[in-house]
Amino acid sequence: MKRNINIFEFPLNLGLTKKEHETEPGVRKLPDWLRKFGFHTRINPKNIFRLNAPEYSMEFDEESKVRNAEQIIGYAQQQADIIVSHYEKNAFNIILGGDCSILIGNAIALKKLGNFGIFYLDGHTDFIPPELSETGGAAGMDLAIITGNGPEKLTNIKGLKPYILEENIFCCGNAETDDEEYVSQIINSDIHYYDLYQLRKNGFRNTAENFLKMVNEKGLDGFFIHLDVDVLKDEIMPAVDSRMEDGISYDNLGEMLKPLFESPLCFGIEITILDPDYDKKGTYTRPFVEHLIQTIKK
């Protein structure tokens with residue numbers, strides 16, 4: 001990649017509900033964990049920006065039915081301000097979580113910058129209202145929130161609803177397909193939806209190219225990639241909050257990311273959910289870092 005690269009670190013974990021054995025979700029350690037494995041050094045970014053996250057809590061907001069709603073809203077606004085104030089038109093941005101609720105702030109920034117699309121790679125759809133959430137965690141609702149579906153206080157921050165139009169999104173890789181009510185939410189939206197089976201059937205590179213065709217035909221200002229590492233097969237990435245046995249391989253991931261990274265319209269990528277507490281020796285992190293760097297650097 002010949003473009004300048006900026007890294008943004010947003011180690012937020014307020015979108016997740018901690019498990020009984022956890023003090024807090026370990027995803028807040030992800031930026032420092034990746035640095036330990038040489039990610040930052042090998043990427044050699046022009047700049048590194050960081051916004052420290054609030055302390056973890058389990059506060060349930062009765063108005064929105066979302067945990068830590070007020071803190072997430074405040075953090076999202078600060079995120080967006082940092083991204084917009086350091087925006088470079090031709091730079092490639094790598095945004096490190098944290099959990100998937102960081103998409104809210106990133107999407108607000110994109111809305112302020114123009115009309116963007118999202119290539120959403122995730123082992124779940126994250127497209128449900130609070131009523132269908134078992135935990136109240138925003139990380140399981142982020143795609144719904146950024147498209148204007150859900151509590152007004154989260155979906156309409158600063159009157160910017162929707163941050164991203166449903167029709168400008170490809171959601172790819174969902175492996176949680178046996179819950180009809182869960183899946184029906186996204187099927188009945190205008191999002192271009194490819195569950196894991198459909199993604200394989202359509203072809204990985206072909207799906208990415210279809211997305212790029214849509215971006216160009218609509219004349220979008222650019223697009224952003226969401227990568228929740230739980231879209232990967234459990235055997236190669238079990239260090240996640242919500243494990244799914246089936247998923248994609250690193251070769252599959254590369255087939256999609258390569259054409260997306262090659263596009264000058266690619267604003268960047270966010271990486272979420274990899275939890276260092278579930279990979280103490282780096283067994284799964286090392287190959288992840290290696291494959292991602294190889295794909296970015298090509």
Side-chain angles (χ1 to χ4, degrees), residues 1-3 5 34 37 39 42-43 92-97 100 103 106 116-127 143 164 167-177 186 191-218 220 222-240 243-274 283-298:
M1 183 175 289
K2 295 178 181 178
R3 298 159 66 183
I5 296 177
L34 292 181
F37 290 92
F39 182 80
R42 292 175 64 186
I43 288 294
F92 182 83
N93 303 287
I94 300 174
I95 300 180
L96 305 177
C100 297
L103 181 61
N106 296 336
F116 282 76
I118 300 272
F119 194 82
Y120 196 85
L121 271 171
D122 200 303
H124 306 82
T125 65
D126 296 345
F127 193 83
L143 190 57
I164 306 289
E167 65 194 48
N168 294 341
I169 297 170
F170 272 40
C171 177
C172 305
N174 176 45
E176 192 175 347
T177 56
I186 198 162
I191 291 172
H192 305 261
Y193 172 57
Y194 299 85
D195 65 23
L196 188 55
Y197 169 78
Q198 293 166 323
L199 184 59
R200 287 170 174 152
K201 185 177 180 181
N202 195 53
F204 298 97
R205 186 178 183 92
N206 186 52
T207 302
E209 289 174 343
N210 289 344
F211 174 77
L212 291 172
K213 183 180 178 183
M214 178 206 73
V215 168
N216 289 317
E217 287 179 349
K218 291 191 171 192
L220 300 185
F223 66 89
F224 184 55
I225 303 164
H226 163 86
L227 174 60
D228 179 336
V229 300
D230 72 12
V231 76
L232 296 164
K233 290 180 180 179
D234 189 70
E235 64 191 69
I236 61 174
M237 182 50 70
V240 298
R243 293 171 67 175
M244 303 294 291
E245 185 175 348
D246 204 1
I248 66 173
S249 68
Y250 282 123
D251 286 344
N252 302 152
L253 180 63
E255 282 185 62
M256 290 183 284
L257 292 184
K258 284 171 188 173
L260 297 176
F261 285 169
E262 287 168 2
S263 170
L265 292 176
C266 185
F267 178 86
I269 184 171
E270 70 175 15
I271 300 162
T272 65
I273 296 297
L274 202 169
T283 304
Y284 305 102
T285 303
R286 281 189 186 89
F288 173 75
V289 167
E290 193 60 40
H291 281 92
L292 188 61
I293 287 174
Q294 286 181 7
T295 308
I296 291 170
K297 285 293 191 178
K298 279 187 177 177

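The 12-atom threshold is exceeded at NZ of Lys218, counting heavy atoms of other residues, nucleotides or ligands nearer than 6.0 Å. The environment of Tyr284 atom OH is sparse: at most 12 non-hydrogen atoms of other residues, nucleotides or ligands sit within 6.0 angstrom.
When side chains are defined from C-beta on, Leu199 counts as touching Met256, because their heavy atoms get closer than 4.5 Å. Looking only at side-chain heavy atoms (C-beta outward), Asn106 and Asn93 stay at 4.5 Å or farther from each other. The closest side-chain heavy-atom distance from Glu255 to Asn252 is below 4.5 Å. Residues Leu121 and Leu253 are in side-chain contact: their nearest non-hydrogen atoms beyond the backbone lie under 4.5 Å apart. Inter-residue side-chain proximity for Thr177 and Leu196 is flagged as unmet; no heavy-atom pair is nearer than 4.5 Å. The shortest side-chain heavy-atom distance between Ile269 and Leu260 does not fall under the 4.5 Å cut-off. Looking only at side-chain heavy atoms (C-beta outward), Phe127 and Ile191 come within less than 4.5 Å of each other. Between Thr125 and Tyr193, some side-chain heavy-atom pair lies under the 4.5 Å cut-off.
Among all heavy-atom pairs drawn from Met237 and Val229, the shortest one is CG-O, 3.6 Å. Across all non-hydrogen atoms, the minimal contact from Gly117 to Phe211 is C-CZ, 4.2 Å. Between Ile186 and Cys171, the shortest heavy-atom contact is CD1-SG, 3.6 Å. Shown here for Thr272 and Cys100, the closest heavy-atom pair between the two residues is OG1-SG, 3.3 Å. Pairing each heavy atom of Ile296 with each of Met1, the nearest pair is O-CB, 3.2 Å. For Pro259 against Leu212, the heavy-atom pair with the smallest separation is O-CD1, 3.6 Å.
With sequence neighbours excluded, the residues satisfying side-chain contact (heavy atoms from CB on, under 4.5 Å) with Asn202 are Tyr194, Asn206, Thr207, Asn210. With sequence neighbours left out, the side-chain contact (heavy atoms from CB on, under 4.5 Å) criterion links Ile236 to Leu232, Lys233, Tyr250.
Remark: Glu176 CD to Asp246 CG distance equals 13.0 Å, nearest 0.5 Å. Distance check, rounded to the nearest 0.5 Å: CZ of Phe119 to CG of Leu227 gives 10.5 Å. Between atom CZ of residue Phe223 and atom SG of residue Cys266 there is a gap of 4.0 Å, rounded to the nearest 0.5 Å. Here Phe267 contributes atom CZ and Ile118 contributes atom CD1; the two are 10.0 Å apart, rounded to the nearest 0.5 Å.
No donor-acceptor distance shorter than 3.5 angstrom exists from the side chain of Glu217 to the backbone of Met214, with no hydrogens or angles considered.
Between the side chains of His226 and Asp122, a donor-acceptor pair is found at a separation under 3.5 Å.
Applying the side-chain hydrogen bond (donor to acceptor under 3.5 Å, both in side chains) test between His124 and each of Asp230, Asn174, Asp228 identifies Asp230 as the sole match.
Remark: aromatic rings of Phe92 and Phe261 are close, center separation under 6.0 Å.
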